[in-house]
Protein chains: 4
Amino acid sequence: MQTLDEAKRRKIQDAAEHLFATRPYHEVRLEDVAAQAGVGKGTLYTYFDNKQCLFASLLNDGITRLVETLQRQLNQAEHEPTRTLRIIVTALVDHALQHPQLFELMRFVPAPSRTSVRSARLQQLYDMLEQAIRRGVADGSLRDPHPELTALFIPGMLRSVMLFSKTLPSRKLLIEHLMRLITSGLLARETDRP
Amino acid sequence: MQTLDEAKRRKIQDAAEHLFATRPYHEVRLEDVAAQAGVGKGTLYTYFDNKQCLFASLLNDGITRLVETLQRQLNQAEHEPTRTLRIIVTALVDHALQHPQLFELMRFVPAPSRTSVRSARLQQLYDMLEQAIRRGVADGSLRDPHPELTALFIPGMLRSVMLFSKTLPSRKLLIEHLMRLITSGLLARETDRP
Amino acid sequence: MQTLDEAKRRKIQDAAEHLFATRPYHEVRLEDVAAQAGVGKGTLYTYFDNKQCLFASLLNDGITRLVETLQRQLNQAEHEPTRTLRIIVTALVDHALQHPQLFELMRFVPAPSRTSVRSARLQQLYDMLEQAIRRGVADGSLRDPHPELTALFIPGMLRSVMLFSKTLPSRKLLIEHLMRLITSGLLARETDRP
Amino acid sequence: MQTLDEAKRRKIQDAAEHLFATRPYHEVRLEDVAAQAGVGKGTLYTYFDNKQCLFASLLNDGITRLVETLQRQLNQAEHEPTRTLRIIVTALVDHALQHPQLFELMRFVPAPSRTSVRSARLQQLYDMLEQAIRRGVADGSLRDPHPELTALFIPGMLRSVMLFSKTLPSRKLLIEHLMRLITSGLLARETDRP
DNA sequence: TATGAATGAGGTTTCATTCAT
DNA sequence: GATGAATGAAACCTCATTCAT
């Protein structure tokens, strides 16, 4: 067979994801990954060129799935910009909660691959956010002189919570609070007052 | 020389900060730090217990300086909550720009010390933010059902920019955009329209 | 190669025995052991947990072989106590001469493992000596109020010679002189005199 | 003053003796010796050329004191050979019991100095034993075809007990048992029997 | 003379990667 | 394709010794 055993590839990735999320990149030994995956050490090299590539595959595959899911959702119909933002934020939160290790993983992306990883998939995510905001600015529903900065802000806020919050907030609360800050900020409005 | 030389300690820290910011933790060799600092390899161990502690000292000292500066500023006078937030954000941005490596450094904080570092000093920073927001909520100028989450968001946004922005925005723009999102969000208000 | 190679293990031990006998524990570099054994430095760690364990294995294996040989010999037939002592002394001398490094090695046994090494195997040797003497005392052929002390004395005498004698005596002379002192002491007897 | 502070020299030696007896040569750090002696690290080098010499001084001084004491005792009067042996054995046992670390120390004599240490003082001790035996052989009171071997045996027996005996025997018992083996061996004699 | 900060050679050990089976 | 024994570069850290004060 040309394509190696896809199930074994996943088994290796799962083992690696678990381990890389548990301890920093350099403290994860390929020997442990192999053991946890139930394969020989050498087998890893049949499926991945080296440690770095195995690691990168985890991030890439995760982000790829997220981005593809999002693209499917957003392409189904044209949404209002705010609605689009909510869809993206919801997907981000869901993805983060399903892969709580993800941000932990990204902490340890070794420098060289970081750039390449980002350019590949992450950029698409930032672009989606930026485009949604730009559409809102265009139709007058949003105001934002620097949508490219705001696009960076949003995953950053989520990341802070995933990494540094002592007790993870619920999915709903997380989404609502992100959307609240993104849309309305903190200032009390006149209309809020009696 | 009879007493530990504080200037030499700084020289070592400066060399380490430079190196740790350039490449990930495990790719920085203490030998290089020593060489760059112009001291012997063993001298590092006179000033820092081990590699991890040297690294931690960079983060701790940096955050400590930031927090202390902030406390001095804020204790001078009582400010409106929004003004307090701006002072903190300004200090954060200034600190980030003066130590562009700082967030890069934190990326590689090995797990064990991360917690301790945070609890020690970082927590004070989060607390300052949270208290400012709570004061605003109390006096009616701000609305925020979860100030502790918002306090996490703010440094997260800054971090995203410092790490992932291709071209660093100017100090002023960064501060203004952060404050804009924090206070007003993105929604265009009625009063904004003609 | 799929299974640990027992021959290679021996090759490593032989190299180590040679080196450890040549210079004290801390002056033997594992790098040299590997070179002399014709294996890579890391290979040592496939066969032995660390330097200490490699070293301990030399002593343990040596003493184990000696004790097992002795047990085989003594179990073949019931001997008179004096004959048993001679068999043990002969085996000790032969072993010492075949492994002239052995006592040299024991000089440097790091403290912690010394105890354990002794309790494990060495104790069996002391016990054999002590039991032989006790049997002689019981059957009236020997007199000894403290066989446990005498059992300690015998290897001690051999050791002195192996370590401190400028010119090693012959096997036969060594055995005879040990047995002479053990059985008869130095006093001239009446019957010796004309 | 030409001669450095002799009391300080002793303080250093006492500290070193304690430490060297506790753990093997290479695990004793000069820093610890200095600390225990209550002096600076550099001071050690005022009194001893280097670690090796400090260590050697402990053995040399100890053996020198023993040998000098013995020479004084033996020169007072002419003794029968057996009496001379008893005097030496007694002195050896006393010295061993007063410096229980001594044999422990010798275990770790680094190879190079061992020879030199021995030639210097230890040889005198062996010579005393050997001469006493030779005198006994000459006057017909002792029989020993190899007094030089027997001279090696005697300290070896004592050493075994000091190092390997689980419970140290009393001074008297140790002396008596050594003398018993040396003089009479283990064989029951006809005259022993009723 | 006394000190202890500074030094750096050298030791042990780890682990990504290779390759014979 | 799968395995795991073998490899060796490279890292951290120790500690005897020096020397400026």
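The chains referred to below are lettered A, B, ... by the order of the sequence lines, with proteins before strands, and numbering in each begins at 1. None of these values were measured; they are calculated from a predicted model.
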Taking only the side-chain heavy atoms of [X] (C-beta and beyond), determine which of [options] contains the nearest atom.
X       : options                : answer
C:Leu4  : F:dT17, F:dA5, F:dG8   : F:dA5
B:Arg29 : E:dC15, F:dA6, F:dA11  : F:dA11
B:Tyr45 : E:dA16, F:dT14, E:dT13 : F:dT14

Legend entry - Nearest heavy-atom neighbours spanning D:Leu44 and D:Ile12: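 Result for this residue pair: CD2-CG2, 3.6 Å.
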
Using a 4.0 Å heavy-atom cut-off, does [X] contact any base of the nucleic acid, only the sugar-phosphate backbone, or nothing at all?
X       : result
B:Phe48 : nothing
C:Val28 : sugar-phosphate
B:Lys51 : sugar-phosphate

| query | Is the NZ or CZ atom of C:Lys51 both under 6.0 Å from the centre of the six-membered ring of C:Tyr25 and within 45° of that ring's axis? | reply |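 Relative to the ring axis of C:Tyr25, which defines the angle, C:Lys51 lies inside both limits.
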
Presence of [X] side-chain N/O under 4.0 Å of [N] phosphate oxygens OP1/OP2:
X       : N     : value
D:Thr43 : E:dT3 : yes
A:Lys8  : F:dA2 : yes
B:Tyr47 : E:dA6 : yes

* Does the distance from a Lys or Arg side-chain N to an Asp or Glu carboxylate O, for B:Glu6 and B:Arg9, drop under 4.0 Å? ->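 Looking at B:Arg9 together with B:Glu6, the answer is yes, because their closest N to O distance falls below 4.0 Å.
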
Using heavy-atom distances to pick each residue's nearest nucleotide on DNA chain F, tell me which of C:Val39 and B:Leu30 is more 5'.
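So the residue in question is C:Val39.
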
Which one is paired to F:dT7, where only Watson-Crick or G-U wobble pairs with both distances under 3.5 angstrom count?
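With both distances under 3.5 Å, F:dT7 matches E:dA16.
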
Notebook entry, point to check: Between atom CG of C:Asp32 and atom NE2 of C:His18, what is the distance when rounded to the nearest 0.5 Å?
Noted result: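 C:Asp32 atom CG to C:His18 atom NE2 measures 10.5 Å (nearest 0.5 Å).
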
